[in-house]
Amino acid sequence: KQEVTQIPAALSVPEGENLVLNCSFTDSAIYNLQWFRQDPGKGLTSLLLIQSSQREQTSGRLNASLDKSSGRSTLYIAASQPGDSATYLCAVETSGSRLTFGEGTQLTVNP
Amino acid sequence: NAGVTQTPKFQVLKTGQSMTLQCAQDMNHNSMYWYRQDPGMGLRLIYYSASEGTTDKGEVPNGYNVSRLNKREFSLRLESAAPSQTSVYFCASSEALGSIYGYTFGSGTRLTVV
């Protein structure tokens, strides 16, 4: 059974800081890894998707990397802003378990 | 706007009542999913439909039934609601397994069973 772990569970940083969120998974036989953002009381917004054959993807101030062999991914957020405050979820897709989620990292960016 | 639409957004049920959560997508996706989200448990897959005409159990299927009505619609039914089914329910869709476009989620249904 695929298991996904995200560290840290919560993170509070001052505005402008660069930060890294971590995700690890137990079964490396994945199709892809997807990072989502969830605002309080809202649905999930897709941020980045990395296919299993890729090493990284970038979108604006966000960069996600994937090391499939070691079962790890990182989400790098540059020059953080208060509007980045949200819960960030990592999820991996496999044929058996479909999309399996970590519990998320709750990020607070303080002005 | 293209996407996944869930109804209702909020619902309160009494123990033992039944209800159906509706989900529709307009992206011509083949696969559809139902997840529940609980504090400390993350999102867990209840049921999924890989393609029209098929449904399969996920991680937590007990107490639920699903129907893939057509390619667009995938409903989740609670036959006899229990307080343990209080949760936020999300419907999602994807083009297919391993799609480069990933999953698209609806905005959720917040269900309380009293």
Side-chain angles (χ1 to χ4, degrees), chain A residues 1-7 9-10 23-54 57 59 62 64 66 68 73 75 86-106, chain B residues 1-7 9-10 23 25 27 29-51 54-61 66 74 87-110 112:
Chain A
K1 177 188 172 187
Q2 178 74 267
E3 293 183 1
V4 180
T5 303
Q6 292 187 244
I7 294 173
C23 172
S24 62
F25 47 94
T26 56
D27 181 357
S28 62
I30 65 170
Y31 286 97
N32 55 55
L33 183 145
Q34 199 166 357
W35 283 94
F36 294 88
R37 168 185 172 138
Q38 186 176 29
D39 294 289
K42 304 294 185 182
L44 281 70
T45 301
S46 179
L47 298 174
L48 290 165
L49 182 145
I50 310 177
Q51 295 176 263
S52 61
S53 59
Q54 297 176 321
Q57 282 285 345
S59 177
L62 304 180
L66 173 64
K68 195 175 80 163
S73 176
L75 179 67
T87 296
Y88 290 80
L89 297 164
C90 165
V92 294
E93 186 176 23
T94 59
S95 60
S97 303
R98 296 289 160 151
L99 200 64
T100 303
F101 283 84
E103 291 191 35
T105 294
Q106 186 174 354
Chain B
N1 291 337
V4 178
T5 302
Q6 292 183 234
T7 56
K9 294 190 182 304
F10 300 94
C23 175
Q25 53 90 10
M27 296 170 286
H29 283 173
N30 291 302
S31 301
M32 297 186 73
Y33 311 84
W34 277 105
Y35 284 85
R36 61 177 288 174
Q37 184 176 35
D38 303 288
M41 304 291 287
L43 281 105
R44 294 177 292 169
L45 182 63
I46 305 171
Y47 270 94
Y48 68 96
S49 171
S51 60
T54 69
T55 60
D56 283 287
K57 295 179 180 179
E59 183 183 354
V60 288
V66 291
F74 188 39
S87 186
V88 181
Y89 292 84
F90 288 101
C91 178
S93 69
S94 70
E95 189 177 56
L97 183 63
S99 168
I100 63 172
Y101 303 108
Y103 286 45
T104 301
F105 280 77
S107 58
T109 295
R110 284 149 184 79
T112 302

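Since the model is a prediction, treat every value here as computed from it, not as a measurement. The analysis underlying the following values was restricted to heavy atoms, covering all of them including side chains, and did not include hydrogens, waters or symmetry mates. Below, read A as the first sequence line, B as the second, and so on, with proteins coming before strands; counting in each chain starts at 1.
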Original post:
Where on A:L89 is there a heavy atom nearer than 4.5 Å to chain B: the side chain, the backbone, both, or neither?
Top reply: side chain
Subject >> Which portion of B:R44 sits near chain A, non-hydrogen atoms under 4.5 angstrom >> reply: neither
Subject >> B:Y33 side chain to A:L99 backbone, donor-acceptor under 3.5 Å >> reply: no
**OP:** Measure across A:K1 and B:E59 and return the closest heavy-atom pair with its distance rounded to 0.1 Å.
**Re:** NZ-OE2, 3.3 Å
**OP:** Would you indicate whether B:M27, at its atom CE, is surrounded by more than 12 heavy atoms from other residues, nucleotides or ligands within a distance under 6.0 Å?
**Re:** yes
**OP:** Examine whether an atom of B:Y101 lies under 4.5 Å from a heavy atom of chain A, and if so say whether it belongs to the side chain, the backbone or both; otherwise answer neither.
**Re:** backbone
Original post:
Which pair of non-hydrogen atoms, one from B:Y103 and one from A:Q34, has the smallest distance, and what is that distance?
Top reply: N-OE1, 3.1 Å
**OP:** Count the heavy atoms belonging to other residues, nucleotides or ligands that lie under 6.0 Å from CD of A:Q54, then report whether that count exceeds 12.
**Re:** yes
Original post:
What's the spacing between A:Q38 CD and B:F90 CZ if we round to 0.5 Å?
Top reply: 5.0 Å
Subject >> Contacting region of B:Y48 [heavy-atom separation from chain A under 4.5 Å] >> reply: side chain
Subject >> Closest non-hydrogen atom pair, A:E93 against B:A96 >> reply: OE2-O, 4.3 Å
Subject >> Value rounded to 0.5 Å, distance of CZ in B:F105 from CZ in A:F36 >> reply: 5.0 Å
Original post:
So what's closer than 4.5 Å to chain B heavy atoms on A:S95: side chain, backbone, both or neither?
Top reply: both
Subject >> Residue, of B:G106, B:G108, B:S99, that accumulates the most heavy atom pairs under 4.5 Å with chain A >> reply: B:S99
Subject >> Which atoms of B:L45 approach chain A - backbone, side chain, both or neither, heavy atom under 4.5 Å >> reply: side chain
**OP:** Against chain A, work out which of B:G58, B:G40, B:A92, B:G42 has the most heavy-atom pairs shorter than 4.5 Å and name it.
**Re:** B:G40
**OP:** Drop me the distance from B:Q37's CD to A:L44's CG, to the nearest 0.5 angstrom.
**Re:** 6.5 Å
